[in-house]
Amino acid sequence: MSARRATTAAGLGLLVAVVTGPAGADSTVAAAPAVGTASSGVTLLELSLGGHTVRVGDLVLDSDTTGSGPTATVTVTPVDVDGTPYERQSGPSLDVPSLDSRAFAPSALSALASAKSPVVVASSSTADGASSRASTTSLGSVSLLGIPVALDGDVSLSAVVDGAGAAGEKVLTIRNVALPSIADLLAALGLDLTKLPVATLTTLTERLGLVTSTVSTAKEALETALAPLKAELDAALAAASKAATALVAAQKELATAEGTLASAGTALTDATKALGLPALPALRRSANALLVPASSVLPPVAPSIVAVPVPAPVPVPSVTPVPLPSSLDLPAPLPTVSVAPLPTLLPSVLPLPSLPPALDDATALLNATYSTAYATYTSALAAVNAATVTVNDLTKLQSTLTGTINGLLSQVQARVDALVAAVTGVLDATPLVSLDSITVRTRSAVRSAAPGGQQSEVVGGEVSGLRVLGGDVLANTLGSSRVDLSDLTGTPLAKLTSALNAATGTLSSVLSTVPTLPTLSVPAPTVGLLTKSTAMSVSNGFGQATNLVRALSLTLPAVTIPAAVQLPGAGSLPAFTSLPGLVRAQAVGDLVSTPVTLSLATLSDTVAFKPAVAGQQTTAPTTPTTSAPGASTRGTSAPATTTPGTTTPGTTTPGTTTPDTSAPRTGTPGTTTPKTVPTASGTPQLPRTGLGLGLPALAALMLGGAYALRRRLA
């Protein structure tokens, strides 16, 4: 081989070595895979009262790829009381039948709240990341304070983490749901609506727009029957009110006179004892100028006075009619109290002391003190007797007027009972809140750790037939009984909230301003529809998103119920005995409840995701290897290499591809946008273009050309 040929072969061999590179010179740092967590949950009902919390129908899906291996778990808790779960089940897949909480929860809690949980079917998988899915075909049923509440509807939810992101989604549908009526809820707290004045009941139905033909007919019948009795009844009520006021004043005067008599009796007793002291015989001796034998004892000048206790008068109920915004200003029938007349004080006549005509100064002073005390006592005794007569007379008058009033009322009592039954029947049949249907779709998702790569929102749904105390608030405020949830923002939502407050405010204003029941207080309940909170953030390389939505909520503030309108045994109702301290008795006999909060269908999602980090190519320092001059390369080729996420037509070996672990791609199908890919070190690099495979191909072509040239030169 000539020198020129050797030089040509050596140069080509060096070119091949440089272009193709030495074996093992390229190495790729392992890519950090995408990881994340997703938790999706629903609580069908949550009740808080008296410092206790009851949760019904808890369903939680958890998917996680941040550990050593992916995990997916489903947890179902039929009932949880104050943080104690009952019959909780957890696993990768569940098929949970309907459970009745009364079979395993403490019996004391069943009177407070019980539930039949829905049938739950759930499954999970870790084949490609971690995913969990669950669904129900019903929402079960609950009993609140002994009041049954049917829940018709279904829910489906999922929690998924894969290489593209993490997401929690759910769809909830509730149909034909009605919370307890205000009458039922107030009865559960001890209020007897039938004991309220009939004018208050009719005013309530009128202002809420609940007057039915039955109520109107009963009201007209009562007004017709009452018309000929109205003047006489009004006069009797006015006289009873005047007599009641006078009786209160007379009772106060009697109490004052009794106190004065007690003080006068004590003073007279002390003066009597003073005249009976041992010095009295010496006084007698001085007065008669004779010594009286020591055995001679004068009789007491006056008996020892002890005030006779006066029986306390039995209070007689007072009647203070106040004009009501109705023609039916009827009082409730007055209780008839038989009060025995109070006895007057007539003790025996007190004898005056028999003393000598001539007294020394000391004896004269004692005698004067006794005489004054005697006169004061006699005057106080007369005042007590006079006040007693007045109280007896007014008590008798009050009893007479009570009989007159009750006699007049008895003539229309049947009409009153019919009207009260009609009104309470309407209130019993009117739920505080009811819904024809509501559908809510929520989603929380994270696809990147960059700002804007998180989503947390209500993505769809609608509500129809929302009624509060019988009024269709959607139709009245927005003009339609069916509204898309996307439209419930801004001004429409503000109008709806105002309508909800107006309805519950009417209830409060009527029941909290009863003239004859000044301590009755029923604050306005608070109704919340689709209250929600969302949050999105980036922390520690993870994009994060949370979502909390309550489909419906109800809060009853503390209610004060006077003794006059309490149900019999109100303090012993199951709700109160199950929760000691829920109701406290006031000095006047009032019952005061603690607030009650009810949440229906609480939906929650919490997701976090860290995208994959692409591998970084590095070159190890090695010594290039060249072929010996004249060596043949026919039939040999360099080992094919592939880069994760790229393919070259005709060079891919079946079954040897590497999964793409890069960050989730976005864009329009059919188009590509060059972009930098973050590495484990955080330094971006240009995307691969296929040049790494093109250079070996070019080297092979050049090597073939050199071989042909060599043959020609030979």
Side-chain angles (χ1 to χ4, degrees), residues 39-61 75-88 96 98-102 104-106 108-118 120 134 136 138-155 157 168 170 172-174 177-180 184-185 188-189 431-435 438 440 442 458 525-533 546-557 575 578-579 582 593-606:
S39 178
S40 184
V42 59
T43 299
L44 297 182
L45 184 141
E46 184 173 353
L47 174 68
S48 299
L49 72 167
H52 298 261
T53 300
V54 179
R55 296 165 62 94
V56 176
D58 257 346
L59 175 58
V60 180
L61 308 182
T75 303
V76 178
T77 308
V79 177
D80 183 293
V81 181
D82 293 337
T84 301
Y86 294 91
E87 298 298 309
R88 172 177 287 172
V96 183
S98 177
L99 299 175
D100 192 334
S101 67
R102 292 174 296 182
F104 47 81
L109 296 173
S110 296
L112 173 65
S114 62
K116 290 184 179 179
S117 61
V120 178
T136 72
S138 72
L139 298 180
S141 62
V142 298
S143 176
L144 170 64
L145 297 175
I147 308 168
V149 178
L151 301 176
D152 179 19
D154 53 75
V155 62
L157 57 161
K170 57 181 62 65
L172 168 75
T173 299
I174 304 175
V177 63
L179 296 185
D184 289 337
L185 289 173
L189 296 176
L432 180 60
V433 180
S434 65
L435 276 169
I438 181 172
V440 185
T442 67
V458 175
T526 301
V527 179
L529 177 68
L530 291 175
T531 55
K532 62 181 180 179
S533 63
T546 61
N547 195 350
L548 179 67
V549 178
R550 286 187 175 88
L552 188 65
S553 63
L554 168 67
T555 299
L556 286 177
S578 299
L579 295 175
L582 176 63
S593 71
T594 57
V596 178
T597 300
L598 171 68
S599 297
L600 181 62
T602 301
L603 316 176
S604 61
D605 293 310
T606 301

Just how far is it from atom [atom1] of [X] to atom [atom2] of [Y], taken to the nearest 0.5 Å?
| X | Y | atom1 | atom2 | value |
| --- | --- | --- | --- | --- |
| Thr602 | Glu46 | OG1 | CD | 6.0 Å |
| Ile147 | Leu179 | CD1 | CG | 10.0 Å |
| Asp80 | Thr53 | CG | OG1 | 9.0 Å |
| Leu189 | Asp184 | CG | CG | 11.0 Å |
| Asp152 | Leu139 | CG | CG | 7.5 Å |
| Leu45 | Arg55 | CG | CZ | 10.5 Å |

| task | Scan side-chain atoms only and decide if Asp605 and Ser40 contain a donor-acceptor pair under the 3.5 Å cut-off. | result |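 Note: Asp605 and Ser40 side chains meet the donor-acceptor criterion.
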Are [X] and [Y] close enough that some pair of their side-chain heavy atoms sits under 4.5 Å apart?
| X | Y | result |
| --- | --- | --- |
| Leu435 | Ile174 | no |
| Ile438 | Leu529 | yes |
| Leu47 | Val596 | yes |
| Leu548 | Thr546 | no |

| task | From the options Asp154, Val96, Leu157, select the one residue that forms a side-chain contact (heavy atoms from CB on, under 4.5 Å) with Thr136. | result |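 Only one option passes, and that is Asp154.
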| Out of Leu185, Leu600, Thr597, which residue meets the side-chain contact (heavy atoms from CB on, under 4.5 Å) rule with Leu554? | Leu185
| request: Any chance you could lay out the side-chain contact (heavy atoms from CB on, under 4.5 Å) test for Thr75 and Arg88, step after step, and finish with the verdict? | output: CA-CA 7 Å; Thr75 303; Arg88 172 177 287 172; 3.9 Å; yes
| Nearest non-hydrogen partners of Gly83 and Pro85, listed with the distance | O-CD, 3.4 Å
| message | If I compare all heavy atoms of Ser138 with all of Pro118, which pair ends up nearest, and what's the gap? | response |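 Scanning both residues, the minimum pair turns out to be O-CB, 3.2 Å.
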| query | Can you check whether Val440's main-chain N or O pairs, donor with acceptor, with Lys170's side chain at less than 3.5 Å? | reply |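 Flag not set: sc Lys170 to bb Val440 has no pair under 3.5 Å.
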| Donor-acceptor pair, side chain of Ser117 and main chain of Leu99, under 3.5 angstrom | yes
